[in-house]
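So the structure is just underneath, and the comments pick up after that.
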Protein chains: 2
Amino acid sequence: MDVHLRELRYFVAVAEELNVTRASGRLFVSHPALSKQLRTLERQLGFPLFDRVHGGMALTRQGRALLPFARELLGRWNAGVEAARAAAPSGTLVVGMQTAVGRGIQQETLRGFRAAMPGWELSLRLVNWTDPSAGLADGGSDVAFVRPAVAWRRGDHRPQVRAFLGALP
Amino acid sequence: MDVHLRELRYFVAVAEELNVTRASGRLFVSHPALSKQLRTLERQLGFPLFDRVHGGMALTRQGRALLPFARELLGRWNAGVEAARAAAPSGTLVVGMQTAVGRGIQQETLRGFRAAMPGWELSLRLVNWTDPSAGLADGGSDVAFVRPAVAWRRGDHRPQVRAFLGALP
DNA sequence: TTCTATTACGAGACTCGTAAGGATA
DNA sequence: TATCCTTACGAGTCTCGTAATAGAA
């Protein structure tokens, strides 16, 4: 009965738009994919979340009952991740990545950073690609790989940041 | 940054056992699979949840911070599903299934049921296979497919239940 | 040796996008 | 026709189990 939080995001989006096509645009997926996910969720639950009416969707009684829980879960998960991140021991440089970086660069940079900053840790954080700042905006990342170049917080001259940038090939 | 609730279940189990092998037994998965899921979760988050110490695992500060949220999410999701299920309009027979039933049987049974019970709906609920009663125990299912035969609540003689059983090939 | 956790790898399930189908005004 | 949602299908990814690997007492 476990679900993916993504399915709940999809559910909430469709419940807000009451229109699969529009919601799919907001979620950056195709409408067939969204429609299928919705059906899968309904099948797992064993009850319908939406009635298919002309021109879109309408929440069923069950869908209306589930919706606040879906919203709550999404919010609490974000809160939990932030709380855990805040509990990180100091001495860690958090590197945000929208997508995996070529293995060679990653390894080489790691070695260089460790040589330059003994006692410090590198934490590679995989960031949701919908965040163009790769975690810099919310302060979750110290530096980040974004296309097409490496970026860092403006005016950030902490030694671990400088060491990391210096270690780049 | 979305996660599967299954990953949180895995995380909680390992946090409670502090031992991947033991936790994997409790979760009915192999230890390599569990170990890999844990690593994946840590990689997505960008921080470690456990320190690998001799004889098992130890929660990091971040892991300790995240744990209550993971428990909360799992609990709230179950509560949400129950709330939604309770909101179902009457006139629905909920059929629990531990696993998909052969398509022929399902379709044929559906037709038979609808012919026998106009105005009633069949809801096919996919139940976690760790529940041997397929939802009968918690009252979430009215009847259920379990191996090796069809079972129903003892003493249940409601007309929709009788119609469903009668519609079986 | 015995207890851990992890990596390697292949099979099956899931998830996506593009394209086609079908229902309603 | 126009606007929806859904199904079909192929490609890539995820998830699992078995088997092998690796480190610590």
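Each chain gets a letter, A, B and so on, in the order its sequence line appears, and its residues count up from 1.
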| If you find the nucleotide of DNA chain C closest to Arg52(B) and the one closest to Thr40(A), which residue's nucleotide is nearer the 5' end? | Arg52(B)
| What's the shortest heavy-atom distance between Arg76(A) and Leu73(B), and which atoms? | CB-CD1, 3.6 Å
| Whole angstrom value for the distance that separates C1' of dC4(D) from CZ of Phe50(A) | 15 Å
| query | Using a cut-off of less than 4.0 Å, is there contact between a side-chain N or O of Arg39(B) and OP1 or OP2 of dT7(C)? | reply | yes
| field | Within the 6.0 Å centroid threshold, strictly below: Phe50(B) and Phe11(B) | value | yes
| task | Quickly work out the His31(B) NE2 to dC3(C) P distance and round it to whole Å. | result | 12 Å
| Do any side-chain nitrogens or oxygens of Asn19(A) fall under 4.0 Å of OP1 or OP2 in dC5(D)? | yes
| Under-4.0 Å side-chain N/O to phosphate OP1/OP2 contact, Tyr10(A) with dC16(C) | yes
| Interatomic distance where CD belongs to Glu7(A) and P belongs to dC14(C) [whole Å] | 11 Å
| Nearest to the side chain of Lys36(B), which nucleotide is it out of dT6(D), dC4(D), dC16(D)? | dC16(D)
| Closest approach of Ala84(A) to Ala65(B) (non-hydrogen atoms, all atoms of both residues) | CA-CB, 3.8 Å
| said: Of the listed nucleotides (dT6(D), dG17(C), dT6(C)), which one gets closest to any side-chain atom of Ala33(A)? | reply: dG17(C)
| Nearest of dA25(D), dA5(C), dG17(C) to any side-chain atom of Val29(A)? | dG17(C)
| d(CG, Leu38(B); P, dC14(D)) in whole Å | 17 Å
| field | Thr21(A) side-chain proximity, nearest of dT4(C), dT24(C), dC4(D) | value | dC4(D)
| query | When the distance from CG of Asp51(A) to C1' of dT6(D) is rounded to whole Å, what number comes out? | reply | 16 Å
| Using a cut-off of 4.0 Å on non-hydrogen atoms, how would the nucleic acid contact of Ser30(A) be classed: base, sugar-phosphate, or nothing? | base
| said: Looking at Arg6(B), I'd like to know whether one of its side-chain N or O atoms comes within less than 4.0 Å of OP1 or OP2 on dC14(D). | reply: no
| Expressed in angstrom and rounded to an integer, what is the separation of His54(B) atom NE2 from dC3(C) atom P? | 11 Å
| field | Positive for side-chain hydrogen bond (donor to acceptor under 3.5 Å, both in side chains) with Arg22(A), one of Glu16(A), His31(A), Glu17(A) | value | Glu17(A)
| Touch class at under 4.0 angstrom, heavy-atom based, for Arg22(A) against every strand present | nothing
| message | Please pick, from dA19(C), dT18(D), dG17(C), the nucleotide with the shortest atom-to-atom distance to any side-chain atom of Pro32(A). | response | dA19(C)
| query | So, the side chain of Asp51(B) versus the backbone of Val53(B): is there a donor-acceptor pair under 3.5 Å, distance only? | reply | no
| message | Taking 4.0 Å as the cut-off, does a side-chain nitrogen or oxygen of Gln37(A) come that near to OP1 or OP2 on dC14(C)? | response | no
| remark: Rounded to whole Å, the CG-C1' distance (Leu27(A) to dC16(C)) equals 14 Å
| task | Round to the nearest Å and state the distance from Glu42(B) atom CD to dA5(C) atom P. | result | 13 Å
| message | I want to check something: taking the side chain as every heavy atom from C-beta on, are Thr60(A) and Phe47(A) in contact at a cut-off of under 4.5 Å? | response | no
